[in-house]
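One structure is given below, encoded as C-alpha cells.
Order of appearance sets the numbers: ligands from 1, and atoms from 1 within every ligand. Just so it is clear, the values below take in all heavy atoms, side chains as well, and ignore hydrogens, waters and symmetry mates.
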Amino acid sequence: MSRARELLSDPLTNKGTAFTEEERDRFRLHGLLPPHVGTLESQMERRWRALGALPDNFQRYSFLRDLQDSNEILFHALVANNIEALLPIVYTPTVGEGCQRFSEIWRRPRGLFLSYPNRHRIKEMLADPAYDRVRAIVVSDGERILGLGDQGAGGMGIPIGKLALYTACGGFHPGELLPILLDVGTDNARLRNDPLYIGWRHERVRGPDYDAFVDAFVAAVAERWPGALLQWEDFAGANAARLLDRHRDQLLSFNDDIQGTAAVAVGTLLSAMRRTGRPLSAQRILLFGAGAAGTGIGSLLIAAMRAEGLDEAAARATIWAIDRDGLIREGANQVSEAARRFARPAGEADDLAGADLATIVARVAPTVMIGVSGQSGAFTEDAVRAMAAAVDRPIIFPLSNPASHAEARPDMLSAWTEGRAIIGTGSPFPPVKAALTPVTQVNNVYIFPGVALGALAAGARGVSDAMFMASARALAEAADGASALLPPVTALRDVALTVATAVAEQAVADGLATVATDDWRTRIAAMMWTPEYAAAE
Ligand code: NAD
C-alpha cells in the first residue's frame with residue numbers, strides 16, 4: 001500500500017482534510033483529498049453539525065464509533081470538547097445499546113478479540129508491532145454488561161468506551177491503549193442464533209478450561225507489556241472478585257466494577273457527609289444488593305472507618321446488607337463468601353427474616369441506603385418514607401444501571417422526602433427541581449482514569465486498597481464548593497489529575513512506587529496528552 005493510503009487508512013495518522021499542503025506534496029496525498037485544507041476546529045464543527053442532525057443517541061453512538069475508526073484524533077478532540085453532551089453516548093447509558101447491537105454496526109476491527117478456539121495463538125495475536133506502545137488495557141469477557149447481562153462478543157463496546165475516557169479524562173494517547181474481549185462463548189441464545197452475531201457461537205466455557213484460558217492471557221500480557229496496567233471490566237459476579245484475587249500479584253491490575261465503584265460510591269458518600277456533618281462511623285448504612293459492587297463498597301467503607309479509628313467489629317456493625325433472600329444474617333443466607341462478611345450476628349435480627357425493605361428500614365433507621373441490585377423500583381415508597389421519617393437528610397444512592405434498572409427514580413425519591421433526600425444515581429436522569437441538593441451521577445469515570453494514570457505514573461507494582469481509598473478522599477475534596485456531590489463532568493480531566501496525584505502519593509506511602517518525585521501533580525500533568533494532530537511522518 002502507498003504511504004499516502006496508509007496515512008489515510010490508519011485512524012491514528014489520518015487527518016482527513018487537515019493534511020497540510022506540505023504533507024500533501026510530500027506523501028502524494030493530492031487527489032486522494034479534496035483541495036480544501038481544513039483544521040481540527042473546522043472538522044469538529046462539521047462533525048458536530050452532522051451529529052446534531054441524527055435522530056437518536058444510538059445513531060450518534062454509531063456515528064462516533066465510525067469516526068473513531070477513521071480519524072481517532074478528531075474523535076477524541078470532539079469528545080474532549082463536548083464531554084457533557086457526549087459522555088452519555090460514548091459511555092453509559094448509550095454504550096449499553098451499543099453492546100447489544102454491536103454485531104449490527106460492526107464495520108472495522110478495533111482492539112483484540114481473543115477467542116477460545118484461538119487460545120493457542122494468544123501470544124501471536126498480542127505480538128503485532130502496532131501494540132508496542134501499549135500501557136493500559138481494558139478487558140472484558142462480556143458476561144455482565146452494565147445491568148444488561150451476557151452480551152458475548154458485543155461486550156467489546158465496554159472496553160472501547162472505557163478507554164475513550166482514559167483519553168478524554170486521563171490524557172492517555174490512544175496509541176497507548178488496547179481494548180480486549182475474551183470471547184469464551186455466550187449463554188445468550190438470542191445472540192448465538194442471530195446470523196449477524198460476530199462472536200464465537202458456543203455456550204460459555206466455564207470451570208478449569210475458562211481459568212486456564214484467562215491464566216494464559218494474563219501470562220501473555222505480563223510478558224508482552226511488563227509494567228502495563230490491566231483493568232478488569234464487566235465480568236460476572238462469580239468471576240469478578242476471583243479473577244482479581246487470582247491475578248493481582250501477577251500484573252498491575254484492578255477491577256472497576258468492584259474497586260472503582262466502591263471508590264466513587266465512598267467518595268460521593270464522604271462528600272454527602274460533609275453536608276450532613278455526621279462522620280462515617282456514625283452512619284447506619286443499608287446496602288441493597290451484595291454482589292460485586294455491593295461487597296466492594298462495603299469493604300471500602302470498613303477500610304475507611306478503620307482509618308477513622310474504629311475496630312473491624314464496630315465498623316461492620318454500621319452496615320446492614322440485603323441480598324435476594326433478604327437481610328444477610330449469620331448462617332441464614334445463600335450468599336458469597338464476600339457477602340458473608342456483612343452478616344448481622346446470629347440472634348440480632350431474627351425477627352427480620354423474610355422481612356421486606358420497608359420493615360427493615362423501619363427497624364434499622366438507616367442514614368444511608370445504597371442500591372446495587374439491578375432491581376428496578378426496589379426502593380419502594382413505604383421504605384423511603386420510613387427512612388425519611390427517622391432522618392433529616394437521608395442519603396439515597398440507587399446506583400443500578402441502566403436507568404430502567406435503578407432502584408428508584410430521583411424525582412420520586414425527592415417527592416417522597418419533600419426534597420430532603422441527598423441523591424446519587426448510577427445513570428444520568430433529568431434534573432429534579434424540588435431536590436435541595438442537586439442529584440449527582442455517581443459515575444466510575446470520576447475514579448478509573450485517575451487511578452490508572454496515577455498507578456502508571458508511579459510505576460506502581462500493584463494497586464492497593466489504600467490507593468483506592470486515597471482516590472475516594474481526593475474525589476470528595478475535589479467536590480468542595482460544587483453544588484452537587486461531585487464536580488461537574490466538564491471538570492473530569494482536572495479530577496483525574498487530582499485523583500492520579502493522590503494515588504501516586506499513596507503508592508509511594510505503600511512502598512509500591514518505582515518512580516520518585518517531590519511534585520506528582522506537575523509530573524502527571526506533563527504526561528497528559530491533548531488531542532491534536534502531529535506532523536505526518
Ligand atoms: P452483581 O450481579 O454482582 O450483584 C447484584 C446483586 O444484587 C447480587 O448479589 C444479587 O443476588 C442481588 N439481588 C438481585 N435481586 C435482588 C433483590 N431483589 N434484592 C436484593 N438483592 C438482589 O452485579 P454488580 O456488578 O454488583 O452490579 C449491580 C448493579 O450496580 C448493576 O445494575 C450495575 O449497573 C450497578 N453498578 C453501578 C455503578 C455506578 O453507579 N457507578 C457501578 C457498578 C455497578
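With respect to atom 7 (O) of ligand 1, the closest heavy atom belonging to the protein is Ser373 CA, 3.4 Å. Here the heavy atom of the protein found nearest to atom 38 (C) of ligand 1 is Asn401 ND2, 3.8 Å. Scanning the protein heavy atoms around atom 29 (C) of ligand 1, the nearest turns out to be Ser400 OG, 3.5 Å. Leu399 O, 3.1 Å is the protein heavy atom nearest to atom 37 (C) of ligand 1. Summary of contacts: the protein heavy atom closest to atom 43 (C) of ligand 1 is Thr261 OG1, 3.0 Å. With respect to atom 22 (C) of ligand 1, the closest heavy atom belonging to the protein is Arg324 N, 3.7 Å. The single protein non-hydrogen atom nearest to atom 19 (N) of ligand 1 is Phe288 CZ, 3.3 Å, given as residue, atom name and distance. For atom 41 (N) of ligand 1, the nearest non-hydrogen atom of the protein is Asn444 OD1, 2.5 Å.
Ligand 1 has an N or O atom lying under 3.5 Å from an N or O atom of Ala292, backbone or side chain. Between Asp323 and ligand 1, at least one N/O pair is under 3.5 Å apart. The distance criterion of under 3.5 Å between nitrogen or oxygen atoms is not met by Asp257 with respect to ligand 1. Residue Ala293 has at least one N or O atom closer than 3.5 Å to an N or O atom of ligand 1.
For the pair Arg101 and Phe58, the distance from NZ or CZ to the six-membered ring centre is under 6.0 Å and the angle to the ring normal is within 45 degrees. Cation-pi geometry between Arg284 and Trp320 is not satisfied (NZ or CZ under 6.0 Å from the ring centre, within 45° of the ring normal).
For ligand 1, the atoms lying closer than 4.0 Å to a non-hydrogen atom of Gly426 are 40 (O). Short contacts between ligand 1 and Ala290, defined as distances under 4.0 Å to a heavy atom of the residue, involve ligand atoms 9 (O). Ligand 1 places these atoms under 4.0 Å from at least one heavy atom of Gly289: 7 (O), 21 (N). Shown in contact with Gly374 at under 4.0 Å from a heavy atom are these atoms of ligand 1, numbered in order with element: 32 (O). Heavy-atom contacts of Val372 reach the following atoms of ligand 1: 5 (C), 6 (C), 7 (O), 28 (C), 29 (C), 30 (O) (cutoff under 4.0 Å).
Under the side-chain contact (heavy atoms from CB on, under 4.5 Å) rule, Phe468 has a single partner from Gln259, Gln506, Arg473, which is Gln259.
Rounding to the nearest 0.5 Å places CG of Asn443 at 8.0 Å from CG of Leu492. Distance check, rounded to the nearest 0.5 Å: CG of Leu181 to CG of Asp141 gives 8.0 Å. How far CG of Asp323 is from OG of Ser336: 7.5 Å, rounded to the nearest 0.5 Å.
Under a 4.0 angstrom heavy-atom cut-off, Gln375 registers as being in contact with ligand 1. Within the structure, the closest approach of Ala378 to ligand 1 does not fall below 4.0 Å when heavy atoms are considered.
Under 4.0 angstrom from ligand 1, there are no non-hydrogen atoms of Ser427. With a heavy-atom cut-off of 4.0 Å, Arg144 touches ligand 1 through its side chain alone. In Val442, the part holding a heavy atom less than 4.0 Å from any atom of ligand 1 is the backbone.
Remark: the backbone N or O of Gln283 is not paired with any side-chain donor or acceptor of Arg278 at under 3.5 angstrom.
In terms of heavy atoms, Ser427 sits closest to Asn401 at OG-OD1, 2.7 Å.
Between Glu312 and Arg306, at least one side-chain N (NZ, or NE/NH1/NH2) sits under 4.0 Å from a carboxylate O, which counts as a salt bridge. Of the charged side-chain nitrogens involved, at least one lies within less than 4.0 Å of a carboxylate oxygen, so that Arg206 and Asp187 count as a salt-bridged pair.
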Yes or no on salt bridge (charged side-chain N to carboxylate O under 4.0 Å, His left out) for Arg242 and Glu337, after CA distance, side-chain angles and deciding distance? CA-CA 11 Å; Arg242 212 175 51 79; Glu337 196 52 45; over 6 Å; no
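At a cut-off of 3.5 Å, with distance as the only test, no side-chain donor of Ser140 or Asp234 sits close to an acceptor on the other residue.
Aromatic ring orientation, Tyr166 versus Phe172: tilted (interplanar angle from 30° to 60°).
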